[in-house]
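For reference, the structure discussed in these notes is given below.
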There are 2 protein chains.
Amino acid sequence: MTDRNAAQSSELEATDRAILRELLRDGRCSFTDLGERVGLSVSAVHQRVRRLEQRGALRGYTARVDGEQIGLPLTAFISLTPIDPAAPDDYPQRLEHLSEIESCFSVAGDESYILQVRVASPLALEDLLRQIRESAKVSTRTTVVLSTPFENRAPEL
Amino acid sequence: MTDRNAAQSSELEATDRAILRELLRDGRCSFTDLGERVGLSVSAVHQRVRRLEQRGALRGYTARVDGEQIGLPLTAFISLTPIDPAAPDDYPQRLEHLSEIESCFSVAGDESYILQVRVASPLALEDLLRQIRESAKVSTRTTVVLSTPFENRAPEL
DNA sequence: TCTGAAAGTCACGAAGG
DNA sequence: CCTTCGTGACTTTCAGA
């Protein structure tokens, strides 16, 4: 066995973590480079990446884009509190269609959900808030982001 | 001129937005595919992508990785309030070295900053909170994420 | 799970309109 | 800003260990 038999394919081995580390740093890194960096042949890396994709450890790849330059300079966090505490908890589905909502977290604490949103302007935020309240029957508390010292840093693997 | 002359290279043109849309969907998409999808030759797309990278609209590429499978199943938001309101505002620099902190937002509202963190366990979170308080001389308020209905969705371009 | 080789695809710069 | 074209690099598969 490997380390501690990796609890039914749960924990990742060193080489796989090295691969993920490189792909987090550069999602377009070639298999050739990847192979050199982790000390494996091109085909071996190729197989491992495919396996990581199939396992779901590697969910995909995406570009990192500048919010300002694409015309969405305003980020905010919106906390949700259900108006009717007895209503069924289907808030995520009710909000899914609003593309301005980047992330939706179910949380412990005073509020039920935290939404991370990105919009073009204060006016667009006002409109989004109206749509959220209408779609989900919730009251909202909004925290506007002034600046982002850093964001989406890669975790240490 | 184009649309409204794009306010000094600020706004993006339709083809560039189409390219970003595709790269947000699949960060490893080949230039060949990209060209077909946006209706341009391979070289033209290549040039545009390079230009977008130089402009800073395209900041890079990254893999999307499953938090659970890499051994970091716990996400939380931590709000920061300075203990000494007169202290210099260098909190981001003081916290930068803590790799568990994925994002750091300066916000308007009751608190000064919101941190998004990812850790292995409640114990690791406790330890991180201690380090944050020590490093930045702040009091903290923590909201634990129970589940994530959706996260990091691509914005509508 | 690895390696090495073969075949097909792709990246990327040059030249030109 | 676009196209076409050519070369070298890369991806992907497969056989073998």
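All heavy atoms count here, side chains included; hydrogens, waters and symmetry mates do not. A, B, ... follow the sequence lines: proteins, then strands. Residue 1 opens every chain. A quick note: this is a predicted structure, and the numbers were derived from the prediction, not measured.
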**OP:** Applying side chain to side chain contact (heavy atoms under 4.5 Å, CB included), name anything that partners Glu96(B), two or more places apart in sequence or on another chain.
**Re:**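 Side chain to side chain contact (heavy atoms under 4.5 Å, CB included) list for Glu96(B), sorted by chain: Phe150(A), Arg153(A).
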**OP:** For Ala154(B), enumerate each residue passing the side chain to side chain contact (heavy atoms under 4.5 Å, CB included) test, keeping only those at least two apart in sequence or located in another chain.
**Re:**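 Only Leu24(B) meet the side chain to side chain contact (heavy atoms under 4.5 Å, CB included) criterion with Ala154(B).
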Considering all heavy atoms of both residues, which atom of [X] and which atom of [Y] are nearest to each other, and what is their separation?
X: Ala63(B); Y: Leu58(A); result: CB-CD2, 3.6 Å
X: Leu128(A); Y: Glu100(A); result: CD2-CB, 3.7 Å
X: Arg28(B); Y: Leu23(A); result: NH1-CD2, 3.7 Å
X: Ala136(A); Y: Tyr91(A); result: O-CE2, 3.1 Å
X: Arg17(A); Y: Leu157(A); result: NH1-O, 3.1 Å
X: Val119(A); Y: Ala124(A); result: CB-CB, 3.9 Å

**OP:** Answer yes or no: are there more than 12 heavy-atom neighbours, outside Glu53(B) itself, under 6.0 Å from its atom CD?
**Re:**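 More than 12 within 6.0 Å, yes.
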Original post:
Taking everything shown except Glu151(A) itself, do over 12 heavy atoms lie less than 6.0 Å from its CD?
Top reply: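 Counting neighbours around CD of Glu151(A), more than 12 heavy atoms of other residues, nucleotides or ligands fall under 6.0 Å, so yes.
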**OP:** Name the first nucleotide and the last nucleotide along DNA chain C (5' to 3') that come under 4.0 Å of a heavy atom in chain B.
**Re:**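 Extent of the interface on DNA chain C: dC10(C) to dG13(C).
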Original post:
For residues Arg133(A) and Thr140(A), is any side-chain donor paired with an opposing acceptor at under 3.5 Å?
Top reply: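 A donor-acceptor contact under 3.5 Å links the two side chains.
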**OP:** Would you check if Asp110(A) and Thr81(A) make a side-chain contact, meaning some heavy-atom pair closer than 4.5 Å?
**Re:**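 The answer is no; the side chains never approach within 4.5 Å.
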Subject >> Interface with DNA chain D, restricted to residues 15-27 of chain B and to heavy atoms under 4.0 Å >> reply: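 Listed by number, there are none.
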**OP:** Summarise protein proximity over nucleotides 5-17 of chain D in one line of letters, 5' to 3': B for base, S for sugar-phosphate only, - for none, counting protein heavy atoms closer than 4.0 Å.
**Re:** B----SSBB----
Original post:
Using the C1' atoms of five pairs at each end, what's the angle between the two axes of the helix from dT1(C)-dA17(D) to dG17(C)-dC1(D), to 10 degrees?
Top reply: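 Answer for the end axes of this duplex: 30°.
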